[in-house]
Undergrad: 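Structure incoming, see below.
Convention: sequence-line order gives letters A, B, ...; per-chain numbering from 1.
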Amino acid sequence: AQSVTQLGSHVSVSEGALVLLRCNYSSSVPPYLFWYVQYPNQGLQLLLKYTSAATLVKGINGFEAEFKKSETSFHLTKPSAHMSDAAEYFCAVSDLAHLGSNYKLTFGKGTLLTVNP
Amino acid sequence: GAGVSQTPSNKVTEKGKYVELRCDPISGHTALYWYRQSLGQGPEFLIYFQGTGAADDSGLPNDRFFAVRPEGSVSTLKIQRTERGDSAVYLCASSLTARGTQYFGPGTRLTVL
């Protein structure tokens, strides 16, 4: 069974500071990994995804994440936080592909990011 | 282009009532997923459709929950005899293929009084 652990339900940073949101996964097969962002009263929006190509993945809005198999981690970073980055962030995992896999996503509990002026 | 849409955006019902939640996927997307997001939690998988058929319904919590996608496009999630514990945001996602990126709708917030 797959699982995702997001360390820190709430992260607070100052505008311009480094953003680091942690995600560790458990999977019995090589995974696909995702970061989604959810703004208030909006649906989930894909930030970036890892699908076994480059281990450093760049996404939208200046975010990136690095897949580290040895640490079973996929932490999300952004060099300089903007006020508009305030949102909830979800890490998710799916089976790479058993034959016939449907790629359903298993999500972490989310990390709420606040950005202070 | 149009994204995934869900109606209603909010639904308040009484315990024991029947509700239907609708999802309109992105045109041409063959795969459709339903998830449920309880307060303070990440979304949890309910059911997956490939075309018209439910390929995986392992996430449905019990037999009060049922979903259909009769023409391979719009899907309806049906909940019978609602309970207060069913209160959550129900999310729908679609993807072009089973391996494709899932695009989420804004969700339906269900409140059972």
Undergrad: Report whether B/Tyr33 and B/Phe66 are members of the same hydrophobic cluster (ILVMFWY, side-chain heavy atoms less than 4.5 Å apart, transitive linking).
TA: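 They do not share one cluster, since no chain of ILVMFWY contacts under 4.5 Å joins B/Tyr33 to B/Phe66.
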Undergrad: Are A/Leu112 and A/Leu21 linked, directly or through other ILVMFWY residues, by side chains that come within less than 4.5 angstrom of each other?
TA: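 Unlinked, A/Leu112 and A/Leu21 end up in two clusters.
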Undergrad: Which atoms of B/Tyr103 come close to chain A, meaning under 4.5 Å heavy atom to heavy atom: side chain ones, backbone ones, both, or neither?
TA: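 Contact with chain A is absent: no heavy atom of B/Tyr103 under 4.5 Å.
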Undergrad: Among B/Pro106, B/Gly40, B/Pro43, which residue forms the greatest number of heavy-atom pairs with chain A at distances under 4.5 Å?
TA: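 Top option by heavy-atom pairs under 4.5 Å: B/Pro43.
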Undergrad: Considering only heavy atoms from C-beta outward, does the side chain of B/Thr101 approach that of A/Tyr32 to under 4.5 Å?
TA: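 In short, these two side chains do not touch, never coming nearer than 4.5 Å.
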Undergrad: Got A/Gln42 and B/Phe104 here, is their nearest side-chain heavy-atom distance under 4.5 Å?
TA: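 Counting from C-beta outward, A/Gln42 and B/Phe104 never come under 4.5 Å.
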Undergrad: Given heavy-atom pairs under 4.5 angstrom as the criterion, report whether the side chain, backbone, both or neither of A/Leu46 touches chain B.
TA: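 Contact with chain B: side chain only.
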Undergrad: Before you tell me yes or no, could you show the steps for B/Tyr35 and A/Leu44 under side-chain contact (heavy atoms from CB on, under 4.5 Å), namely the whole-Å CA-CA distance, both residues' side-chain angles and the distance that decides it to 0.1 Å?
TA: CA-CA 11 Å; B/Tyr35 294 84; A/Leu44 292 162; over 6 Å; no
Undergrad: For B/Leu39, I'd like to know if atom CG has over 12 heavy atoms of other residues, nucleotides or ligands within 6.0 Å.
TA: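 No, the 6.0 Å shell around CG holds no more than 12 heavy atoms from other groups.
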Undergrad: Could you tell me which of B/Gln37, B/Gln6, B/Glu44 has the largest number of non-hydrogen atom pairs under 4.5 Å with chain A?
TA: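 Greatest number of close heavy-atom pairs with chain A: B/Gln37.
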Undergrad: Are B/Ile79 and B/Phe45 connected in a single hydrophobic cluster, I mean Ile/Leu/Val/Met/Phe/Trp/Tyr linked by side-chain heavy atoms less than 4.5 Å apart?
TA: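 Different clusters.
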Undergrad: Is B/Ser58 close to chain A through its backbone or its side chain, or both, or neither, when contacts mean heavy atoms under 4.5 Å?
TA: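 For B/Ser58, the side chain is the part near chain A, not the backbone.
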Undergrad: If hydrophobic clusters are built by linking Ile, Leu, Val, Met, Phe, Trp and Tyr wherever their side-chain heavy atoms come under 4.5 Å apart, do A/Val115 and A/Leu47 end up in the same one?
TA: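 Yes; tracing contacts between hydrophobic side chains, which count when under 4.5 Å, links both residues.
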Undergrad: Are A/Phe63 and A/Ile60 linked, directly or through intermediate hydrophobic residues, by side-chain heavy-atom contacts shorter than 4.5 Å (ILVMFWY only)?
TA: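 Same cluster.
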Undergrad: Would you say A/Lys104 and B/Gln102 make side-chain contact, with heavy atoms under 4.5 Å?
TA: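 They are not in side-chain contact.
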Undergrad: Could you look at A/Tyr36 and say if it's the side chain, the backbone, both or neither that has a heavy atom under 4.5 Å from chain B?
TA: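 Just its side chain gets close to chain B.
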Undergrad: Sort A/Gln38 into side chain, backbone, both or neither according to what part of it lies under 4.5 angstrom from a heavy atom of chain B.
TA: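 Only the side chain of A/Gln38 comes within 4.5 Å of chain B.
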